[in-house]
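The structure under discussion appears below in the form of structure tokens.
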Amino acid sequence: MDFINEIVNKKYNTDRGWLYLVDLIRERFPYLHINEEGLANLQIVSLSEEEFRATGFVGEYVASKNQLRILERASDFDVTFTEEEILETFLHELIHVLTSKYLPDQDMILEGFNMRRVSDKTSSFFLGLNEGVTQFIVNNLLNLLYP
């Protein structure tokens, strides 16, 4: 996604775009098991205004489609997010990408501490712990990025 790559390249003087964030995660958390296959096949797509208004989500990771969906330019429709807020959301969802695995033959998504059936939205276990640890990692990385 060009928008995210522009933000990362400008802020961190790199030409790696969002892959710079993956490098930083690998360096800072060397024991984090990364789903390399998911990373290699990741699709990054824009959330539409309608999707944002319906869910309130600025970003989400859809493991069953291996899509990281991010709001690209919210200022176009009377909602404004800073580049830092968009980047934080992207980083949060990127952690989900790196620590999730979709098992289609079992209808299961393994995501950090959480596991759930794709077909049953109520089968989520340890979701709160998963989100908390994900945000802890994001905050740790942001302290490096924004000292």
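Treat the numbers as computed from the prediction; the structure is a model and nothing was measured.
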| Derivation and outcome, salt bridge (Lys or Arg N to Asp or Glu O under 4.0 Å), residues R116 and E111 | CA-CA 8 Å; R116 63 184 168 90; E111 45 192 5; 2.8 Å; yes
| query | Any idea which heavy atoms bring I86 and I70 closest together, and the distance? | reply | O-CD1, 4.0 Å
| request: Check the pair L24 / Y12 against side-chain contact (heavy atoms from CB on, under 4.5 Å), numbers first and verdict last. | output: CA-CA 11 Å; L24 184 63; Y12 309 114; over 6 Å; no
| field | Reported CD-to-CG distance for the pair E60 and L71, which is rounded to 0.5 angstrom | value | 11.0 Å
| message | A quick test of your reading: do over 12 heavy atoms of other residues, nucleotides or ligands sit less than 6.0 Å from CD of E37? | response | no
| task | Check whether the side chains of D107 and S119 place a donor and an acceptor atom closer than 3.5 Å, and report yes or no. | result | yes
| message | Nearest 0.5 angstrom please: N114 CG to L129 CG, how far? | response | 9.0 Å
| Separation between OG1 of T134 and NE2 of H92, rounded to the nearest 0.5 Å | 5.0 Å
| field | Other residues, nucleotides, ligands: >12 heavy atoms within 6.0 Å of F29 CZ | value | yes
| request: Flag yes if W18 and V62 sit in one hydrophobic cluster, no otherwise; membership is Ile, Leu, Val, Met, Phe, Trp, Tyr, and two members link when side-chain heavy atoms are under 4.5 Å apart. | output: no
| field | E36 and R26: CA distance, side-chain angles, deciding distance, salt bridge (Lys or Arg N to Asp or Glu O under 4.0 Å) verdict | value | CA-CA 12 Å; E36 299 292 345; R26 289 181 197 277; 2.8 Å; yes
| query | Could you state the interatomic distance from CG (N41) to OH (Y102), rounded to the nearest 0.5 Å? | reply | 14.0 Å
| message | Using the rule given for side-chain contact (heavy atoms from CB on, under 4.5 Å), can you reason through R16 versus D23, listing the C-alpha separation, both sets of side-chain angles and the distance that settles it, and then say yes or no? | response | CA-CA 9 Å; R16 302 245 323 124; D23 293 342; 2.9 Å; yes
| Candidate list V133, N130, I25, L21, test side-chain contact (heavy atoms from CB on, under 4.5 Å), partner I95, passing option | I25
| field | Any side-chain heavy-atom pair of K11 and E84 under 4.5 Å | value | yes
| remark: Between L32 and T99 the two heavy atoms that sit nearest each other are CD1-CG2, 3.9 Å
| side-chain contact (heavy atoms from CB on, under 4.5 Å) assessment of L47 paired with V58 | CA-CA 8 Å; L47 274 175; V58 177; 5.8 Å; no
| Less than 4.5 Å apart, any side-chain heavy atom of K10 and any of E83? | yes
| What distance separates L98 CG from E93 CD, expressed to the nearest 0.5 Å? | 11.5 Å
| message | Please tell me whether N66 and Y61 have a donor and an acceptor in their side chains that are separated by less than 3.5 angstrom. | response | yes
| request: Decide yes or no for I109 and M115: does some side-chain heavy atom of the first lie under 4.5 Å from some side-chain heavy atom of the second? | output: no
| What pair of heavy atoms forms the shortest contact from R117 to Q106, and how long is it? | NH1-O, 3.0 Å
| field | ILVMFWY network linking F3 to F57, side-chain heavy atoms under 4.5 angstrom | value | no
| message | The test is side-chain contact (heavy atoms from CB on, under 4.5 Å); show your working for V97 and N35 and say whether it passes. | response | CA-CA 8 Å; V97 169; N35 179 359; over 6 Å; no
| From N5 CG over to I7 CD1, what is the distance, rounded to the nearest 0.5 angstrom? | 9.5 Å
